[in-house]
Amino acid sequence: MPFLINSVTDSHGKLIPERAETQDTKLTFSVETSQPNQTFTVRNSKNVLVSSKSGPDKQGTVDVDLGGRPKGEYAFNAASVPDTEFSKSYRIYLV
């Protein structure tokens with residue numbers, strides 16, 4: 001099973017669908033990994049924003065703070081550590 005960003009929510013727990021706009025800079029990513037207890041990163045393009053580890057159920061969540069970053073389109077993905085598996089991009093527009 002490939003890496004997946006299952007969902008992204010804002011600081012109030014509101015779902016941010018892929019390709020949607022948000023003004024909130026504090027996001028929570030729900031990630032599914034291919035293996036239990038697997039270390040992963042969440043990135044914007046190739047820039048690593050945060051790393052974490054999934055649980056025994058292959059699920060993990062991480063908080064990302066985009067405060068201070070410019071408005072515009074962001075293409076996030078999740079990746080294994082080391083970089084051998086990647087999720088497809090999850091695009092969000094910071095407005």
Side-chain angles (χ1 to χ4, degrees):
M1 167 100 2
F3 265 59
L4 297 171
I5 295 177
N6 289 322
S7 64
V8 179
T9 55
D10 67 13
S11 63
H12 304 287
K14 180 182 172 191
L15 180 66
I16 304 170
E18 189 174 0
R19 300 194 180 275
E21 295 179 350
T22 185
Q23 294 180 344
D24 202 329
T25 58
K26 295 184 184 191
L27 309 177
T28 299
F29 288 76
S30 174
V31 174
E32 182 175 342
T33 61
S34 61
Q35 303 291 324
N37 306 309
Q38 188 171 23
T39 301
F40 67 91
T41 60
V42 170
R43 313 165 175 214
N44 174 43
S45 297
K46 294 183 179 183
N47 300 317
V48 173
L49 301 173
V50 66
S51 65
S52 190
K53 192 177 222 182
S54 65
D57 60 356
K58 302 190 237 177
Q59 303 298 311
T61 58
V62 290
D63 295 325
V64 173
D65 188 348
L66 297 177
R69 295 187 186 258
K71 295 178 189 247
E73 179 182 12
Y74 287 84
F76 299 102
N77 68 13
S80 63
V81 175
D83 296 337
T84 56
E85 299 175 274
F86 303 89
S87 71
K88 71 177 188 107
S89 291
Y90 194 105
R91 296 181 187 279
I92 294 175
Y93 299 91
L94 187 60
V95 294

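Atom-to-atom distance recorded for Leu66:CG and Lys26:NZ is 10.5 Å, nearest 0.5 angstrom. Between Lys14 atom NZ and Thr28 atom OG1 the span is 14.5 Å, to the nearest 0.5 Å. Here the straight-line distance linking atom CG of Asn44 with atom CD of Glu73 works out to 9.5 Å at 0.5 Å rounding. Between Gln59 atom CD and Leu4 atom CG the span is 9.0 Å, to the nearest 0.5 Å. The structure places CD1 of Ile92 at 9.5 Å from CG of Asp10, a figure rounded to the nearest 0.5 Å. The CZ atom of Arg19 lies 5.5 Å from the CZ atom of Arg91; values are rounded to the nearest 0.5 Å.
Here the closest non-hydrogen pair linking Pro56 and Pro36 is O-CB, 3.4 Å. In this structure, Ala78 and Val31 approach most closely via the heavy-atom pair CB-CG1, 3.8 Å. Between Ile5 and Val8, the shortest heavy-atom distance links the atoms CG2-CG2, 4.0 Å. Between Pro17 and Leu15, the shortest heavy-atom contact is CD-O, 3.4 Å. Counting all heavy atoms, side chain and backbone alike, Glu32 lies closest to Asn6 at CB-ND2, 3.5 Å. The two residues Thr33 and Ser54 make their nearest non-hydrogen contact at OG1-OG, 2.9 Å.
Between Phe40 and the options Ser87, Ser80, Ser52, a side chain to side chain contact (heavy atoms under 4.5 Å, CB included) holds for only Ser52. Checking Lys58, Gln38, Lys88 one by one against Phe3, the side chain to side chain contact (heavy atoms under 4.5 Å, CB included) holds for a single residue, Gln38.
Ser45 places no side-chain N or O within donor-acceptor distance of the main-chain N or O of Asn47, the cut-off being under 3.5 Å. Judged by distance alone, the side chain of Thr22 and the main-chain N or O of Asp24 form a donor-acceptor pair under 3.5 Å.
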Using side-chain contact (heavy atoms from CB on, under 4.5 Å), reason through Asp63 and Val50 one step at a time and then give a plain yes or no. CA-CA 8 Å; Asp63 295 325; Val50 66; over 6 Å; no
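Grouping the Ile, Leu, Val, Met, Phe, Trp and Tyr side chains by contacts below 4.5 angstrom, directly or via other members, places Leu27 apart from Tyr93. Tracing side-chain contacts under 4.5 Å through hydrophobic residues (I, L, V, M, F, W, Y), one never reaches Leu49 starting from Phe86; they form parts of separate clusters.
Under the side-chain hydrogen bond (donor to acceptor under 3.5 Å, both in side chains) criterion, Thr25 pairs with no residue, sequence neighbours left out.
The ring-ring contact (aromatic ring centres under 6.0 Å, His included) analysis of residues 4-31, with sequence neighbours excluded, yields the pairs Phe29-Phe76.
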